[in-house]
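Following: one structure in structure tokens, then a few remarks.
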Protein chains: 2
Amino acid sequence: MKDVNKDLNLSVIKAFKLLDVYLNDKQAWGVRELAKKTGYNKTTTYRLLSTLEALDIVQKNDNDKYILGLKLFELGNLVSVHKSLRYYSRIPLENIAKEIKETVHFGVLNNSRVLYLNKVESPLGLKVSTQIGSSQDAYCTALGKVLLAFSSTDQISDYLKHVKLKTCTLNTIVSSDGLLTELKQIREKEYALDMEELELGLICIAIPVFNKDKKIVAGISVSGPSSRFKPENIQSYLSIIKKGAFEIEAHIRDYN
Amino acid sequence: MKDVNKDLNLSVIKAFKLLDVYLNDKQAWGVRELAKKTGYNKTTTYRLLSTLEALDIVQKNDNDKYILGLKLFELGNLVSVHKSLRYYSRIPLENIAKEIKETVHFGVLNNSRVLYLNKVESPLGLKVSTQIGSSQDAYCTALGKVLLAFSSTDQISDYLKHVKLKTCTLNTIVSSDGLLTELKQIREKEYALDMEELELGLICIAIPVFNKDKKIVAGISVSGPSSRFKPENIQSYLSIIKKGAFEIEAHIRDYN
DNA sequence: TAAAATCGTTTCATAATACGAAACACTGTT
DNA sequence: AACAGTGTTTCGTATTATGAAACGATTTTA
């Protein structure tokens, strides 16, 4: 809580840092639990929560623990950033999911992470399921790698400077050189694969979505269990995903 | 800004009241514009916006005006209230929309208003389109009336005490007695109609969704232009919507 | 059954912070 | 050249947030 900041409302910052707890642990919290998580005083936490509750930003559940309230749902749905991406991606994603029968994701790079803007889940029982609005490390997912690959060289070197590549599985790329080579190959092939790099048994294909200036704005990925991703399927999957990407690109030519 | 409140963080309240501006006017705002809208001092508004920008709650658009930021999108998608309603309503709503080819809405009563939790738009060019997360007065919509009708008598009389029934069209019910009679009929028929009460040319059918205790938890509505809502269609529409309601009810039996 | 350990909540003197008028820098218009 | 818009910074003052301690109510442990 040092004041390196110029001149900001500290209690507003505190309030949102408290809400940030919910980004990591999506559960209901008590006053003392949140006080411990945030490092705030118990009374401070209590006062913040009372304030947020009065505003319908948080609310108590059946066990008198705090959960995020409906006002945040209302505000979240008003966010106009990437709104056209979200809007125009829906139907193409559904078409892809209908053909391939695997979960389809649509995301952008945000704060060095993949932010999922949209998804359509596989109709099958065994499937990948990610929450819209959640984010994931970029280096160990196909979607993240394809978004990185077509970023500027400055952005890529910045990414490597600030993000630690951690081992998720035996296949995870953990060296900067390894990732740079991988990104170069992705640029050449115009698609990315995640062969169990994030999680064992999980395979993922991703392709970029460009605007009219050939600048990357988003990516589409299809993911599922390795048992269903045979090498002979990947090419046909790619052409189906590319068809969806073309549809989206047709609508967002003025996106920047 | 009177302190009738017990002991709350006033600047946190100010911050969210500022964000509330976006609920009414979904546009980009400058510092002075927001200061005028909120009644805050220009400097206060500037400091609040700088704080919120540092937290990614708002961000500047191309014209250096403030819009809601992606952090709100992330938080909004974490809201767990009504999450299962939103989840289990999706496919039934899509099936209804596919059959009827009109826009289908799914909503609950929240703060005396209809809050739209989900929607599927009509595939036709001329269609009703409402924003998920937005809300609407209850008394002049079919969805609102059906949600009111099956509320407790206390809630209904409370509603009539606090909400002013304003004329939207010639058909709007503006008297308390008129609305009470209408709600009684809705309880008997188990569905509600909005015959151009909110907007001329706009017709809407709504039915309730109950939990296992026969308590209302949500409602489904189908809306479209009056030219496409012939009296002879309404009965067949109703049976299609009811089928969807049954599907949802099967999944939410423990909802309260 | 008593004691201890939780929980959320309230109090209040003190320390910290938000406030806002005024001045400033910048841009585009008259 | 004067004016009318922006957003931004400064700084003394008035307001507000802070947190240790005490409180009441449950639940758990001895």
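Remember, predicted model here, so these are calculated numbers, not experimental data. Labels below follow one simple rule: chain letters A, B, ... track the order of the sequence lines, proteins then strands, and each chain is numbered from 1. Just so you know, these numbers use all the heavy atoms, side chains as well, and skip hydrogens, waters and symmetry mates.
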Contact under 4.0 Å: [X] side-chain N or O vs [N] OP1/OP2:
X	N	result
A/R47	D/dT18	yes
B/T44	C/dG20	yes
A/Y46	C/dT9	yes
B/K14	C/dC19	yes

Nearest-angstrom distance from the residue atom [atom1] of [X] to [atom2] of [N]:
X	N	atom1	atom2	answer
B/K17	C/dA18	NZ	P	19 Å
A/I13	D/dT18	CD1	P	12 Å
A/K65	C/dC7	NZ	C1'	9 Å
B/L8	D/dT16	CG	C1'	12 Å
A/Y40	D/dT18	OH	P	9 Å
A/D7	D/dT10	CG	P	9 Å
B/L48	C/dA18	CG	P	9 Å
A/D64	C/dT9	CG	C1'	12 Å

So for B/K42 and D/dT8, does any side-chain atom that can act as donor or acceptor lie under 3.5 Å from a complementary atom in the base?
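Flag set: donor-acceptor pair detected.
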Return yes if the base of D/dG7 and the side-chain atoms of B/R32 contain a donor-acceptor N/O pair under 3.5 Å, otherwise no.
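Between D/dG7 and B/R32, which were checked side chain against base, a qualifying N/O pair under 3.5 Å is present.
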First encountered from the 5' end of DNA chain C, between B/N41 and A/W29:
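The residue closer to the strand's 5' end, by nearest nucleotide, is A/W29.
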Out of C/dA18, C/dA21, D/dT8, which has the shortest distance to the side chain of B/Y66?
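My answer, after comparing the listed nucleotides, is D/dT8.
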Side chain of B/V31 - closest among D/dT8, C/dT17, D/dA20:
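For the B/V31 side chain, the nearest candidate turns out to be D/dT8.
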Residues B/S152, B/D154; criterion side chain to side chain donor-acceptor pair (under 3.5 Å); working and verdict
CA-CA 5 Å; B/S152 69; B/D154 281 358; 5.4 Å; no
Quick one: closest heavy-atom pair of B/K166 and B/Y139, and the distance?
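Scanning both residues, the minimum pair turns out to be N-OH, 2.8 Å.
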Identify the heavy atoms of A/S223 and A/H105 that sit nearest to each other, and give their distance.
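Here A/S223 and A/H105 meet closest at OG-ND1, 3.9 Å.
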Establish, yes or no, whether a centroid distance under 6.0 Å links the rings of B/F16 and A/F16.
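Centroid distance B/F16-A/F16: below 6.0 Å, so yes.
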Have a look at B/N9 and say if it touches a base, only the backbone sugar-phosphate, or nothing, with a 4.0 Å heavy-atom cut-off.
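Sugar-phosphate, backbone atoms only, no base.
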For A/K60, which contact category applies under a 4.0 Å heavy-atom criterion: base, sugar-phosphate, or nothing?
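Sugar-phosphate contact only.
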Of A/S11 and B/G30, whose closest DNA chain D nucleotide lies nearer the 5' terminus?
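Per heavy-atom nearest nucleotide, the more 5' residue is B/G30.
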Show your reasoning for whether side chain to side chain contact (heavy atoms under 4.5 Å, CB included) applies to B/L19 and B/L52.
CA-CA 10 Å; B/L19 295 177; B/L52 293 172; 4.1 Å; yes
